[in-house]
There are 2 protein chains.
Amino acid sequence: MDSEDLMKLDQQFCFAVYACAREITKLYHPLLKDLGITYTQYITLLALWEKDRVTVKELGGRLYLDSGTLTPLLKKLEASGYVTRTRDPEDERNVLIELTEEGRALKLKACDIPAKLFEQAGASVEEILAVREQMTSLLHKIHIKNGREEN
Amino acid sequence: MDSEDLMKLDQQFCFAVYACAREITKLYHPLLKDLGITYTQYITLLALWEKDRVTVKELGGRLYLDSGTLTPLLKKLEASGYVTRTRDPEDERNVLIELTEEGRALKLKACDIPAKLFEQAGASVEEILAVREQMTSLLHKIHIKNGREEN
DNA sequence: TACAATTCAATTGTATAAAATTTAAATGGC
DNA sequence: GCCATTTAAATTTTATACAATTGAATTGTA
């Protein structure tokens, strides 16, 4: 492939992923609107439903987001009554995020979302699973690259 | 797979794509900073280097972005001297986007970026190409779904 | 030809993202 | 125990994204 072809939009791996991510988010929108949460809030709650009483740091590590994004988002979830934010008495630098009863209850209202999305995706389960494996593998590799300054 | 597993963060196809898209953008950052442009501006210029003198609508169709995102972005590219924005005399509703000489010249400075990124990706070319095909296919399918209100 | 419907870009309002800086708290030598 | 270093969260700044609305221009049609 010559340099001219490499510059074409349709040849860009990054663009396929970038545009796809945005379209997927839009696909979630009507379902999440019923619950009164945004996509990033949904992803954050998924992480908390698995394990809460975690620091912003740990949550950010799992979501690949930093405090600049999470702090305002968690304050919104707190204002909505789904989580609490309390300074860890053991180490006042840490803020512990915990689900409230309403936060836990929301999981039941959201539990059919993954199945609904799978159904809407318009692709076979096998295909989706295979691509997910590769995306996850690539995500880890790139995250490590981004973690180092050089290169 | 039971409903509990379907709710796990690592099982979410959407999250793999969403997080990967953000990490890829970060990977581009140091390269694009040298050129003084952002990732979305780079993608927009890729589209224009292929074909310019297009309306905001057409450009948005190729980039999967609407005027709410493109209008301020194109104004920045205009302020940087890379594009011009002129109302189409034939149909005053349309705004035509054209590259300036500097905008065209920037392509030469950017032409080694795709190769550099391929190198950094840490995955085989075959793997990247295969996943890109599937992401692109899925992108088209979901875009059509998002275009229709029902479903 | 009026004029309702449509189309396009811009605007408004809300919510992310991420780099860079700041502030407060804790830690590790000495 | 003092203080430089480190760490965590918050804040600041800049740049997307997108839904919804607005306003101007065009089109279809009676």
Side-chain angles (χ1 to χ4, degrees), chain A residues 14-15 18-30 32-33 36-44 54-61 63-80 83 85-97 142-143 146-147 149, chain B residues 15 18-30 32-33 36-44 54-61 63-80 83 85-97 143 146-147 149:
Chain A
C14 66
F15 177 68
Y18 160 73
C20 205
R22 286 186 286 111
E23 290 296 318
I24 291 174
T25 302
K26 279 190 223 172
L27 203 55
Y28 274 89
H29 189 256
L32 296 176
K33 199 168 63 177
I37 56 176
T38 65
Y39 178 75
T40 313
Q41 289 168 12
Y42 169 69
I43 289 296
T44 302
V54 291
T55 65
V56 174
K57 185 80 172 177
E58 181 185 336
L59 191 56
L63 297 169
Y64 298 84
L65 290 170
D66 68 7
S67 69
T69 302
L70 281 177
T71 295
L73 187 145
L74 291 168
K75 283 181 178 175
K76 274 167 207 149
L77 287 178
E78 186 183 36
S80 302
V83 305
R85 298 163 59 251
T86 48
R87 288 279 166 186
D88 183 355
E90 306 281 310
D91 185 338
E92 294 269 353
R93 288 173 304 182
N94 295 325
V95 167
L96 293 175
I97 309 298
I142 298 179
H143 184 62
N146 281 330
E149 301 308 290
Chain B
F15 177 68
Y18 161 71
C20 206
R22 286 186 287 112
E23 290 296 318
I24 291 174
T25 302
K26 279 190 221 172
L27 203 55
Y28 273 89
H29 189 255
L32 296 176
K33 199 168 65 177
I37 55 176
T38 64
Y39 178 75
T40 313
Q41 288 169 11
Y42 169 69
I43 289 295
T44 302
V54 291
T55 65
V56 173
K57 184 82 173 176
E58 181 184 338
L59 191 55
L63 297 170
Y64 299 84
L65 290 170
D66 68 7
S67 69
T69 302
L70 282 177
T71 296
L73 187 146
L74 291 168
K75 283 182 178 174
K76 275 168 207 150
L77 287 178
E78 186 183 37
S80 302
V83 305
R85 297 163 58 250
T86 47
R87 287 277 165 189
D88 183 356
E90 304 282 309
D91 184 339
E92 293 270 352
R93 288 173 304 181
N94 295 326
V95 167
L96 293 175
I97 309 300
H143 184 61
N146 280 330
E149 301 308 291

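Remember, it's a predicted structure, so these values are computed and weren't measured experimentally. A note on names: the letters A, B, ... follow the listed sequences, proteins ahead of strands, and every chain is numbered from 1.
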R87(A) side chain vs E92(A) backbone, donor-acceptor pair below 3.5 Å: yes
Could you check how far OH of Y28(B) sits from P of dA18(C), rounded to whole Å? 16 Å
Is a donor on one side and an acceptor on the other found under 3.5 Å between the side chain of S67(A) and the backbone of L70(A)? no
L59(B) CG to dT16(D) P, straight-line distance once rounded to whole Å: 13 Å
Counting only side-chain heavy atoms from C-beta out, which of dA19(D), dT11(C), dA24(C) sits nearest to T71(B)? dT11(C)
Mapping P72(A) and E23(A) onto DNA chain D by nearest heavy atom, which one lands closer to the 5' end? P72(A)
Whole angstrom value for the distance that separates C1' of dA9(D) from CD of E58(A): 15 Å
Here's a test for you: under side chain to side chain contact (heavy atoms under 4.5 Å, CB included), which of L77(B), V83(B), T69(B) qualifies with T44(B)? L77(B)
Find the distance K75(A):NZ to dT14(C):P and express it as a whole number of Å. 18 Å
Against the side chain of D66(B), the closest entry in dC18(D), dT16(C), dA9(D) is dC18(D)
From the options dA9(C), dA17(C), dA25(C), select the nucleotide whose nearest atom is closest to the side chain of T40(A). dA17(C)
Any donor-acceptor pair under 3.5 Å joining the side chain of S67(A) to the base of dA8(D)? no
Look at all strands and tell whether T55(B) reaches a base, only sugar-phosphate, or nothing, counting heavy atoms closer than 4.0 Å. sugar-phosphate
Indicate, with yes or no, if the rings of Y64(B) and Y18(A) have centres closer together than 6.0 Å. no
Which one, dA10(D), dA17(C), dA10(C), comes nearest to the side chain of T69(A)? dA17(C)
Side chain of N94(A) only, heavy atoms from C-beta on: which candidate in dA10(C), dA9(D), dA25(D) is closest? dA9(D)
Taking for each residue the nucleotide of DNA chain D with the nearest heavy atom, is it E90(B) or L73(B) whose nucleotide lies nearer the 5' end? L73(B)
Given dA17(D), dA17(C), dA15(D), which nucleotide is nearest the side-chain atoms of R22(B)? dA17(C)
Length of the line joining H29(A):NE2 and dA15(C):C1', which is rounded to integer Å: 10 Å
Now, which nucleotide makes the Watson-Crick or G-U wobble pair with dA30(D), with each of the two distances under 3.5 Å? dT1(C)
Could you tell me whether the side chain of N146(A) and the main chain of E23(B) form a donor-acceptor pair under 3.5 Å? yes
Just compare dA26(C), dT26(D), dA19(C) and give me whichever is closest to any side-chain atom of E92(A). dA26(C)
Distance, rounded to the nearest Å, where L74(A) contributes CG and dT11(D) contributes P: 13 Å
Which nucleotide in the list dA15(D), dA19(C), dA17(C) gets nearest to the side chain of Y18(B)? dA17(C)
In terms of side-chain heavy atoms of D91(B), which of dA18(C), dT16(D), dT26(D) is nearest? dT26(D)
Proximal nucleotide (of dT11(C), dA17(D), dT27(C)) relative to the R93(A) side chain: dT27(C)
